[in-house]
Amino acid sequence: MNWTSAQLRSLVELGRRGTVTAVAAALGYTPGGVSQQLAALERATGHGLLRRTGRRVELTEAGRTLARHAERILATEADALAALERTRTEVTGVLRVALFATAAAELLPQALRGAREAHPGLEIHTREMPDVDAVFDAVTSSAVDLALGLDYPDVPIPRDPALRLIPLHTERFALAAPRGLLTGPATLPGGYAEGRVPLPLRSTQALPWILPSPHSYYGRAIRTACRRAGVEPRVQHEVTDTAATLALVEAGIGVTPVTPLMLRLRPSQVDVVPLADAPLRRIVAIHRTTADPLPALTALITILRTPPQPQGTPGPPSDTLSKAALTDGTPS
């Protein structure tokens, strides 16, 4: 059959996702491009593979049959490419990497510089994902070879046997608050605001919170940690963007959890207080299990394990910033 891997991948993803728009988003194509791939596949096979049901497109029996075989064909192709890659004596080739905004700002420059110095024959193409939770789909659909994502012990990401998660760094959350909000005996017992004593989450009951949506892993993880401590956070603003969230805290709107990488993304005039029962997050690398032995992948993951270094030397976010709140977590 005169078909292509891109056509087969479009068919497989349509069976998984149900709409051409969703397939286009997962594979990094336009909807028109996906439709052209599927139409060409129908011509190549001589079978009707799709039928419209309202606004959705579903696979015919012939389409489902081919999609099942296509998954095996694509897996075999990936194994063949991995075997070819293992014959190389140098780390070369092209790696496609998806990552979230904070990683793009704080981890990517250091990693690209390290890769360029250690492996000049390795070419890295990156793609920032607006939704950090979407990086897993990007790897599953083969739109990228590697992704940087976030995993939370309180709300772990479902493990897909086709994917491998490699912990890179662990970060502990602290609490960012408007300057002066937590000071004074009328607000909190002495020592908390100065960072001398870690603040229990149960003491945040009366504070206004700024958090992401509870539909995100991050939003669920923070709410889970608070509920375990017997607190239901009073979320007054649902914001996903880290820089926007810190700007709201700086303006006196509310409090929010922060990690060292978040603080480096936008140095802000806020108070940062360590938490006694702080939730954690892990920065992880994700790739398909079939790509395990690729030398280029192994080389980049090794570079990404290097603890992130601050870009430049910005001033401290607060004169009450505690050392405990700024300390990076131990690499996993």
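Values below: every heavy atom of this structure, side chains too, minus hydrogens, waters and symmetry copies.
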Item to complete: Under the side-chain hydrogen bond (donor to acceptor under 3.5 Å, both in side chains) rule, collect the residues that match up with R234, sequence neighbours excluded.
Response: none

Worksheet item: Can you pull the salt bridge (Lys or Arg N to Asp or Glu O under 4.0 Å) pairs that have at least one residue in residues 15-40, sequence neighbours excluded?
Response: E13-R16, E13-R17, R17-D137

Discussion item. Test side chain to side chain contact (heavy atoms under 4.5 Å, CB included) on L261 and H169; report intermediate values, then the result.
Written reply: CA-CA 11 Å; L261 280 185; H169 309 285; over 6 Å; no

Worksheet item: Are L275 and P198 side-chain neighbours, meaning at least one heavy-atom pair lies under 4.5 Å?
Response: no

Worksheet item: From E117 CD over to L112 CG, what is the distance, rounded to the nearest 0.5 angstrom?
Response: 11.0 Å

Practice prompt. State, yes or no, whether a side-chain contact exists between L38 and L11 at a heavy-atom distance under 4.5 Å.
Written response: yes

Item to complete: Please determine which of I222, T259, V155, T224 meets the side-chain contact (heavy atoms from CB on, under 4.5 Å) test together with P279.
Response: I222

Discussion item. Quick one, L66 with L41, criterion side chain to side chain contact (heavy atoms under 4.5 Å, CB included). Give me CA distance, side-chain angles, the key distance, then yes/no.
Written reply: CA-CA 10 Å; L66 181 56; L41 185 58; 4.1 Å; yes

Worksheet item: Which heavy atom of R9 sits nearest a heavy atom of S142, and at what distance?
Response: NE-CB, 3.3 Å

Worksheet, complete the sentence: Closest non-hydrogen contact found for A67 with V12 is O-CG2, 3.8 Å

Worksheet item: Which value, rounded to the nearest 0.5 Å, describes the distance between R288 atom CZ and R164 atom CZ?
Response: 13.0 Å

Worksheet item: Is any side-chain heavy atom of P208 closer than 4.5 Å to a side-chain heavy atom of H237?
Response: no

Practice prompt. Output all residues satisfying side-chain hydrogen bond (donor to acceptor under 3.5 Å, both in side chains) with R43, sequence neighbours left out; order by chain, then residue number.
Written response: none

Worksheet entry | Contacts of type ring pair (Phe, Tyr, Trp, His ring centres under 6.0 Å), residue Y218, not counting sequence neighbours | Y152, F173

Worksheet entry | Same apolar cluster (I L V M F W Y, side chains within < 4.5 Å links), L107/L165 | yes

Worksheet item: Between OG1 of T240 and CG of L211, what distance do you get to the nearest 0.5 Å?
Response: 10.0 Å

Discussion item. Whether the side chain of T21 engages the backbone of T19 through a donor-acceptor N/O pair (distance < 3.5 Å, no angle test) should be reported.
Written reply: no

Item to complete: With sequence neighbours left out, write down each residue that passes side-chain contact (heavy atoms from CB on, under 4.5 Å) with A134, or none if nothing qualifies.
Response: M129, D131

For residues 69-76, which side-chain donor-acceptor pairs fall under 3.5 Å, sequence neighbours excluded?
| residue | atom | partner | partner atom | Å |
| --- | --- | --- | --- | --- |
| H69 | ND1 | R72 | NH2 | 2.7 |
| T76 | OG1 | R72 | O | 2.9 |

Worksheet entry | Side-chain touch L49/L14, heavy atoms, less than 4.5 angstrom | no

Worksheet item: Taking only residues two or more places apart in sequence or in another chain, which ones pass side-chain contact (heavy atoms from CB on, under 4.5 Å) with A177?
Response: L181, L182, V255

Worksheet item: Applying the 4.5 Å side-chain criterion to the ILVMFWY set and letting contacts propagate, would I301 and V284 be lumped into a single cluster?
Response: yes

Worksheet item: Between S10 and Q37, do the side chains contain an N or O donor and an N or O acceptor separated by less than 3.5 Å?
Response: no

Worksheet entry | From OG1 (T126) to CG (L95), nearest 0.5 Å | 11.5 Å

Discussion item. Please tell me whether I166 and F136 are part of a single hydrophobic cluster in this structure, the criterion being side-chain heavy atoms less than 4.5 Å apart.
Written reply: yes

Worksheet item: In terms of side-chain geometry, is the basic nitrogen of R228 or D154 positioned less than 4.0 Å from the acidic oxygen of its partner?
Response: yes

Practice prompt. Please confirm whether the backbone N or O of L201 pairs with a side-chain atom of D277, one donor and one acceptor, at under 3.5 Å?
Written response: yes

Worksheet entry | Transitive ILVMFWY side-chain link L280 to I157, under 4.5 Å | no

Fill in: Step-by-step side chain to side chain contact (heavy atoms under 4.5 Å, CB included) determination, I283 to T102
CA-CA 11 Å; I283 300 172; T102 308; over 6 Å; no

Worksheet, complete the sentence: Heavy-atom nearest pair, Q269 first then E250, reads N-OE2, 2.8 Å

Discussion item. Looking at every heavy atom in both P257 and I210, which two are closest together, and how far apart are they?
Written reply: CD-O, 4.2 Å

Discussion item. Could you tell me if the side chain of E61 sits less than 4.5 Å from the side chain of T65, heavy atoms only?
Written reply: yes

Practice prompt. Identify whether V231 and W209 are in the same connected component of the hydrophobic contact network (ILVMFWY, side-chain heavy atoms under 4.5 Å).
Written response: no

Worksheet, complete the sentence: Value for CD (E171) from CZ (R282), rounded to nearest 0.5 Å, stands at 12.0 Å

Response to the item:
Shortest non-hydrogen pair, A296 vs L122, comes out as CB-CD1, 3.7 Å

Worksheet entry | side chain to side chain contact (heavy atoms under 4.5 Å, CB included) between T256 and V270, intermediate numbers included | CA-CA 11 Å; T256 197; V270 298; over 6 Å; no

Fill in: Considering all heavy atoms, the nearest T290-A78 contact
OG1-CB, 3.9 Å

Practice prompt. Would you please name every residue forming a side-chain hydrogen bond (donor to acceptor under 3.5 Å, both in side chains) with E232, sequence neighbours left out?
Written response: R227

Worksheet item: Between D145 (side chain) and R96 (backbone), is there a donor-acceptor pair under 3.5 Å?
Response: yes

Fill in: Donor-acceptor pair, side chain of R64 and main chain of L59, under 3.5 angstrom
yes

Practice prompt. Please answer whether the main-chain N or O of Q7 pairs with a side-chain N or O of T4 as donor and acceptor at a distance below 3.5 Å.
Written response: yes

Could you pull out all donor-acceptor pairs under 3.5 Å where a side-chain atom in residues 22-36 meets a protein atom, sequence neighbours excluded?
| residue | atom | partner | partner atom | Å |
| --- | --- | --- | --- | --- |
| T30 | OG1 | G33 | N | 3.0 |
| S35 | OG | P31 | O | 3.2 |

Discussion item. Nearest 0.5 angstrom please: L294 CG to L81 CG, how far?
Written reply: 8.5 Å

Worksheet item: Listed by chain and number, what are the side-chain contact (heavy atoms from CB on, under 4.5 Å) partners of V132, not counting sequence neighbours?
Response: F100, L150

Fill in: Modelled atom types, side-chain donor and acceptor of Q110 and T306, under 3.5 Å
no

Discussion item. Going by side-chain contact (heavy atoms from CB on, under 4.5 Å), V258 matches just one of V272, V273, L175. Which one?
Written reply: V272

Worksheet entry | R159: partners by side-chain hydrogen bond (donor to acceptor under 3.5 Å, both in side chains), with sequence neighbours left out | D151

Discussion item. Checking R116 now: which residues fulfil side-chain contact (heavy atoms from CB on, under 4.5 Å) with it, not counting sequence neighbours?
Written reply: R113

